[in-house]
Amino acid sequence: MSHEPLHFEHVPESDMQLRADAFLVMMRKRRSVRMFSDRAVPLGVLEAALQTAGTAPNGANLQPWHFSVVTDPSVKRAIREAAEEEERVFYNNRAPQAWLDALAPLGTDAQKPFLEVAPCLIGVFAQPHGIGPAGETIKHYYVQESVGIATGFLIAALHQAGLATLTHTPSPMAFLNTIMRRPAHERAFLLLVVGYPAENATVPMISKKPLTDITSFI
Ligand SMILES: Cc1cc2nc3c(=O)[nH]c(=O)nc-3n(C[C@H](O)[C@H](O)[C@H](O)COP(=O)(O)O)c2cc1C
């Protein structure tokens with residue numbers, strides 16, 4: 001493998017804290033939005049954010065992901081109908097009481113109007129293996145971790161560009177393969193709802209654990 005020079009940007013120490021603090025302030029403003037406007041989003045912004053997702057570190061650089069972008073209203077409607085069907089079973093039968101209790105403060109239920117109202121849905125698919133040029137199977141490594149990190153990059157990129165997102169995981173999600181026409185070897189990982197918040201949108205009052213609870217310095 002040939003190597004190339006690393007173009008590392010050395011940030012003066014005096015600026016590092018400012019940059020870290022500014023990023024924290026920006027990321028603290030991100031919230032999962034469940035009330036969307038139908039205002040269309042700029043395609044170029046989506047494309048740049050998806051390219052940012054594609055820069056994520058990942059197992060052996062095999063980049064085991066695919067992002068399926070849906071803006072067609074009829075496809076969004078099909079996704080909403082299939083998701084609500086799964087969600088009704090989830091809320092009425094499948095979800096253990098403890099899970100329902102954990103969801104209760106968020107006020108979520110089987111109705112998912114945002115899947116139709118929001119201008120864009122991004123299906124994130126994980127590839128446990130790839131398919132080589134001769135149809136051979138190529139094993140992928142750390143697929144969950146890699147796709148999770150790429151999705152985090154995508155959410156952060158969309159947020160910093162000025163768009164709202166909801167990380168949505170209708171369970172099970174196999175219907176996304178059918179509707180988004182993805183091959184059987186890909187696994188639907190999650191559905192990212194993207195757009196602008198509805199006017200007067202509200203979000204659940206929640207808090208994040210303080211630094212001392214989520215870290216230890218040794
Ligand atoms: C993997 C994952 C799955 C999620 N699934 C859903 C979902 O199906 N429906 C939903 O309304 N929110 C879902 N969420 C959003 C969480 O409820 C939300 O991130 C959490 O309550 C914290 O709120 P915040 O994103 O506004 O900080 C999911 C988040 C993650 C990371």
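Scope of the values below: all heavy atoms of this structure, side chains included, with no hydrogens, waters or symmetry mates. Numbering of residues begins at 1 and proceeds along the displayed sequence. As the structure lists them, so they are numbered: ligands from 1, and atoms in each ligand from 1.
In the vicinity of T108, heavy-atom distances shorter than 4.0 Å reach the ligand 1 atoms 11 (O). Residue-ligand proximity, L106 to ligand 1, at heavy-atom distances under 4.0 Å covers atoms 17 (O), 21 (O). Within ligand 1, counting atoms from 1 as listed, the ones closer than 4.0 Å to a heavy atom of R30 are 24 (P), 25 (O), 27 (O). Within ligand 1, the atoms closer than 4.0 Å to a non-hydrogen atom of R31 are 24 (P), 26 (O), 27 (O), numbered from 1 in the order shown.
By the 30° and 60° cut-offs, the orientation of the rings of W99 relative to F90 is perpendicular. Below 30°, between 30° and 60°, or above 60°: for W65 and F67 the angle between ring planes is between 30° and 60°, a tilted geometry.
For the 3.5 Å distance criterion, the side chains of S146 and Y141 fail to qualify, holding no donor opposite an acceptor.
Counting non-hydrogen atoms of neighbouring residues, nucleotides and ligands closer than 6.0 angstrom, the CD atom of E13 reaches no more than 12 such neighbours.
Around atom 15 (C) of ligand 1, the closest heavy atom drawn from R34, K112, M27 belongs to R34. In the candidate list T169, L191, V33, T169 is nearest to atom 5 (N) of ligand 1, counting heavy atoms.
In terms of protein heavy atoms, atom 18 (C) of ligand 1 is closest to S32 OG, 3.5 Å. K208 NZ, 3.6 Å is the protein heavy atom nearest to atom 22 (C) of ligand 1. Of all protein heavy atoms, the one closest to atom 23 (O) of ligand 1 is I206 CD1, 3.3 Å. In terms of protein heavy-atom proximity, atom 2 (C) of ligand 1 is closest to T167 CG2, 3.7 Å. Among all protein heavy atoms, the one lying closest to atom 9 (N) of ligand 1 is H168 ND1, 3.4 Å.
Figure legend: R39 and Y196 shown as a cation-pi pair, the cationic atom lying under 6.0 angstrom from the six-membered ring centre and within 45 degrees of its axis.
Inside a 4.0 Å radius of atom 20 (C) of ligand 1 there is not any protein heavy atom.
Of all the heavy atoms in V11 and D15, the pair that sits closest is CG1-CB, 3.7 Å. Of all heavy-atom pairs spanning M26 and H159, the tightest one is O-NE2, 2.6 Å.
We find the CG-CG distance between L121 and L115 to be 6.0 Å, quoted to the nearest 0.5 Å. Interatomic distance, I122 CD1 to M180 CE, rounded to the nearest 0.5 Å: 9.0 Å.
Contact analysis leaves V203 out of contact with ligand 1, as no non-hydrogen atom separation drops below 4.0 angstrom.
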